[in-house]
Amino acid sequence: MGSQSRAVLGGMLFIAIVIVFAVVFHLGGGIWKFSQLVSALIGGSLTLFAALRHGSKDEKVEPWLGNERLAWILIGLGLILWGCGESVWRYYSAIHQSPFPSLADAGYVCLPPLFFIGLLLLPATRGGPRRALIVLDSLVTMGSMLSIGWYVLLGSLALSSNQNLLAKSLGLYYPTTDIALLCCVLLLLFRGRDPLYQTAARRISLIVIGVGLCFFASSDFIFNLQQNAGVYV
């Protein structure tokens, strides 16, 4: 890992710590409310920059394989679009209007499919049947988790909700895609066993995105359940 990469990672770690403290202790007045927006835009911009930049010939970097560059471009776009949705949500909140459903959802709904497609496009030395098995395992796991979630809570929320069709559909879409994102972590675990991911750059990237997806999907799932139940503050 080069000195430039270490500096970027160190800077991101510092920003992450500052954001966590700002959110937990509500520092800076109401600025902490924009932490998710800032984080998504920074993360998406860095991802796109890393995927689109062309290093010099003397620079020692791991070469892009197959659709790997496209995969990370899709992941970066997913973050940027989610950040755009968050900015619209913050605008509606600032003028004291209900942000759900609204134009903010146009940005939010793009992240899960772009992430899932991006993860599927990441290279693997065992293609074909191996890739199909990973997809099937993820779908089976997602179906099982959805069945449990529907029986425990989602079904009753959908049937008892007085919201319009769009709001009800989005209210079910978000928890469903959160479960799909958690299944993406399973997909990443399978990827990590591939010899291709023994290189430091790919191994670290899988760890970072896997941990990030766990935090994002878990917190977003709780938020959407509270939103549907009308108890979110």
So [Y] and [X], do their side chains get closer than 4.5 Å, heavy atoms only?
X: Val109; Y: Tyr174; value: yes
X: Leu181; Y: Leu111; value: yes
X: Leu114; Y: Trp82; value: no

*Could you tell me whether the side chain of Tyr197 and the main chain of Leu206 form a donor-acceptor pair under 3.5 Å?*
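Looks like no, no N/O pair under 3.5 Å.
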*Counting N and O atoms only, with roles assigned by atom type, does the side chain of Ser219 sit under 3.5 Å from a partner on the main chain of Phe216, one being a donor and the other an acceptor?*
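Confirmed, Ser219 side chain pairs with Phe216 backbone.
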Among all residues two or more places apart in sequence or in another chain, which pass the side chain to side chain contact (heavy atoms under 4.5 Å, CB included) test with [X]?
X: Leu166; value: Pro101, Asn164, Leu170
X: Leu189; value: none
X: Phe116; value: Leu120, Cys184
X: Ile17; value: Leu13, Phe21

*Separation between CD1 of Ile73 and CG of Leu121, rounded to the nearest 0.5 Å*: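 Taking CD1 in Ile73 and CG in Leu121, the distance rounds to 11.0 Å.
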*Could you state the interatomic distance from SG (Cys110) to CG (Leu79), rounded to the nearest 0.5 Å?*
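Result: 12.0 Å between the selected atoms.
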Specify the closest pair of heavy atoms between [X] and [Y], including all atoms of both residues, with the distance to one decimal.
X: Glu68; Y: Pro63; answer: OE1-O, 3.9 Å
X: Arg53; Y: Ala50; answer: CG-O, 3.7 Å
X: Gly85; Y: Ala104; answer: O-CB, 3.1 Å
X: Leu188; Y: Gly210; answer: CD1-CA, 3.5 Å

*Got a sec, which hydrophobics cluster with Leu103, joining ILVMFWY side chains under 4.5 Å apart, including via others?*
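Leu103 clusters with Val88, Tyr91, Tyr92, Ile95.
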*Apply the side-chain contact (heavy atoms from CB on, under 4.5 Å) test between Ile209 and each candidate in Leu122, Ile204, Ile75; give the one that qualifies.*
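It is Ile75, the one option of Leu122, Ile204, Ile75 that forms the side-chain contact (heavy atoms from CB on, under 4.5 Å) with Ile209.
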For the hydrophobic clusters of this structure (ILVMFWY residues joined by side-chain heavy atoms under 4.5 Å, transitively), does one cluster hold both [X] and [Y]?
X: Leu65; Y: Trp72; answer: yes
X: Phe223; Y: Leu182; answer: yes
X: Ile222; Y: Ile179; answer: no
X: Ile19; Y: Val211; answer: no

For a quick test of your reading: what N or O donor-acceptor pairs under 3.5 Å do the side chains of residues 29-48 make, sequence neighbours left out?
residue	atom	partner	partner atom	Å
Trp32	NE1	Gly29	O	3.0
Ser35	OG	Trp32	O	3.0
Ser39	OG	Ser35	O	2.7
Ser45	OG	Leu41	O	2.7
Thr47	OG1	Gly43	O	2.7

